[in-house]
Protein chains: 2
Amino acid sequence: MQDRLARVRTEVQAELDRAITALPPGDLRDAMAYAVNGGKRLRAFLVMESARLHGVSDDAALPVAAAVEALHAYSLVHDDLPAMDDDDLRRGQPTVHVKWTDATAILAGDALQTLAFQLLTDPRIGAPEAQVRLVSALAQASGAAGMVWGQALDIAAETAGTPLDLDAITELQGGKTGALIRFAATAGPLIAGDDPAALDRYAMALGLAFQIADDILDVTGDEAVTGKRVGKDAGAGKATFVSLLGLDGAQAEARRRVAMGTDALSHYGDAAGNLHDLARFVIERDT
Amino acid sequence: MQDRLARVRTEVQAELDRAITALPPGDLRDAMAYAVNGGKRLRAFLVMESARLHGVSDDAALPVAAAVEALHAYSLVHDDLPAMDDDDLRRGQPTVHVKWTDATAILAGDALQTLAFQLLTDPRIGAPEAQVRLVSALAQASGAAGMVWGQALDIAAETAGTPLDLDAITELQGGKTGALIRFAATAGPLIAGDDPAALDRYAMALGLAFQIADDILDVTGDEAVTGKRVGKDAGAGKATFVSLLGLDGAQAEARRRVAMGTDALSHYGDAAGNLHDLARFVIERDT
């Protein structure tokens with residue numbers, strides 16, 4: 001899996017760089033390039049693997065992988081803004097609004113969202129029907145009924161000062177981080193016109209495991225390794241899977257979700273080896 | 001034209017309300033509904049008229065008209081933010097960040113952009129090829145080589161404190177307001193698969209006339225009528241068509257652009273009567 005992940009990283013970075021280099025020069029373009037640089041690329045990897053499992057070529061899947069990473073990068077740039085989560089560090093570097101200005105961060109995030117949809121119209125993806133399915137699914141996953149909805153709930157909970165319970169956090173994270181992960185993991189069947197149900201079940205479990213692991217890293221992680229501030233959620237008195245379940249309980253819940261996720265892959269047999277590995281990696285990572 | 005414009009306003013508002021009512025309830029949805037309420041709907045009108053000229057039904061064009069208004073509304077919500085133009089009044093009402101918070105305004109703008117792309121996948125539009133052309137063209141018009149690029153230039157010019165010259169302002173406005181107007185006016189041929197060149201020439205001229213009229217209204221307009229602050233650009237020492245050409249010069253230039261725009265419509269004959277009327281309306285309006 002690590003070889004494939006490394007190759008996906010290189011190819012997706014090149015794809016994003018190509019798209020951004022074609023834009024007019026200036027702070028806006030520089031900030032966009034900065035924002036899409038680096039990261040684990042787990043979402044891109046999910047796109048490429050789900051494509052492979054459904055007979056879609058790497059060449060056809062690559063613009064979709066780049067789109068999901070551009071969308072993800074936009075969400076991080078906006079979430080980091082002072083008016084939102086107010087983070088100054090991301091991937092070990094100053095966040096976009098710290099390095100430039102709030103205005104440039106707002107505009108760079110806006111334009112990265114636009115770029116994501118533009119990438120989904122790349123003719124390499126294949127049939128227009130597939131492109132339309134992707135645009136519709138990405139909009140559904142990332143908009144006011146998906147990712148942005150989850151982020152709005154998160155901010156509302158912080159403002160209200162009432163910590164959420166386990167059901168509410170699970171639902172919130174299903175939007176905030178889960179919806180885009182589900183889009184990524186079902187991109188292959190969406191392109192091919194196949195049934196995405198099994199990969200959707202996998203992704204739903206993976207997304208929660210991923211978020212639980214994030215909450216664990218916020219407590220146990222090393223800032224020098226994670227590249228972002230740790231202890232932030234706990235310090236803010238924010239309800240997390242760790243605050244609600246305890247560290248051991250959260251670790252057990254993450255393992256349970258990984259098992260649910262890998263169960264959903266049985267249909268694919270050995271071909272889904274990389275997705276099995278990814279599910280384990282998601283809870284064993286230190287970054 | 002005014003009858004058709006009134007009908008378009010009603011239908012586009014209903015279309016946007018339908019899409020937004022389907023979202024999960026909360027501040028985010030309320031802020032989105034608030035942001036898309038009202039406005040002149042000139043962009044929606046351009047979509048509907050360009051569709052009619054190319055044999056595209058109102059039913060097929062309506063989601064596209066709603067998409068362009070959602071996209072426009074997102075740009076206004078973000079442009080009004082304190083980190084950007086810092087406007088507290090829009091369409092005679094408090095701006096979104098004043099009525100809610102900066103965070104809600106950022107998220108509502110984000111989700112309105114997403115909604116715009118989602119609306120372009122509405123099956124009523126017709127062939128998937130048409131939908132893909134629309135998504136690609138809207139992304140091109142509104143992203144880091146179009147509208148957002150123009151907004152970034154505008155903010156850079158304000159920060160630098162060096163007023164722009166006429167060529168620079170014309171280029172900037174071609175991105176900031178012109179690109180979306182050109183998308184709207186060419187939506188009909190884009191859906192039908194026809195040549196958009198004539199409508200694009202019309203829209204380029206119309207967009208500049210519209211912006212010059214805006215600059216004139218910033219000087220001569222009545223806040224109670226325009227529903228936004230006037231004298232703001234002049235007060236900020238910002239270069240505008242009026243500061244560069246004088247009031248009479250700007251009015252002459254707006255008339256010249258309108259004449260260029262209507263010349264471009266000759267190909268359509270009498271069928272383009274509404275677009276002729278719109279071009280005159282754009283420079284004669286008081287709001």
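Proteins come first, then strands; the chains are lettered A, B, ... in the order of their sequence lines, and each starts at number 1. The model shown is predicted, which means the values in this text are computed figures rather than measured ones.
No part of A/L119 comes within reach of chain B, as not one of its non-hydrogen atoms sits under 4.5 angstrom from that chain. Contacts between B/M32 and chain A at a heavy-atom distance below 4.5 Å involve the side chain alone, from C-beta outward. Contact annotation for B/L71: neither backbone nor side-chain heavy atoms come within less than 4.5 Å of a heavy atom of chain A.
Separating the CD1 atom in A/I106 from the CD1 atom in B/I155 is a distance of 8.0 Å, to the nearest 0.5 Å. Rounded to the nearest 0.5 angstrom, B/M84 CE and A/D102 CG are separated by 10.5 Å. In this structure, CG in B/L23 is found 11.5 Å from CH2 in A/W149, a value given to the nearest 0.5 Å.
Nearest heavy atom pair, residue A/V135 against residue B/F117, reads CG1-O, 3.9 Å.
Annotation for B/Q13: atom CD counts as buried by contact number, over 12 foreign heavy atoms lying within 6.0 Å. For CD of A/E129, the number of neighbouring non-hydrogen atoms (other residues, nucleotides, ligands) closer than 6.0 Å is greater than 12.
Within the 3.5 Å criterion, the main-chain N or O of A/Q113 finds no donor-acceptor partner in the side chain of B/Q113. For the pair B/Q151 (side chain) and A/L107 (backbone), a donor-acceptor distance under 3.5 Å is absent.
Listed options B/V132, B/L28, B/T121, B/D110 were ranked by heavy-atom pairs under 4.5 angstrom with chain A; first place goes to B/D110. In terms of heavy-atom pairs under 4.5 angstrom with chain A, the leader among B/G26, B/S75, B/A83 is B/A83. The candidate with the highest count of non-hydrogen atom pairs below 4.5 Å against chain A, out of B/L153, B/L115, B/V148, B/T101, is B/V148. Chain A forms more heavy-atom pairs under 4.5 Å with one residue of B/A22, B/A116, B/P24, B/A111 than with any other, namely B/P24.
Side chains of B/S136 and A/Q118: a donor-acceptor N/O pair is absent below 3.5 angstrom, by distance only.
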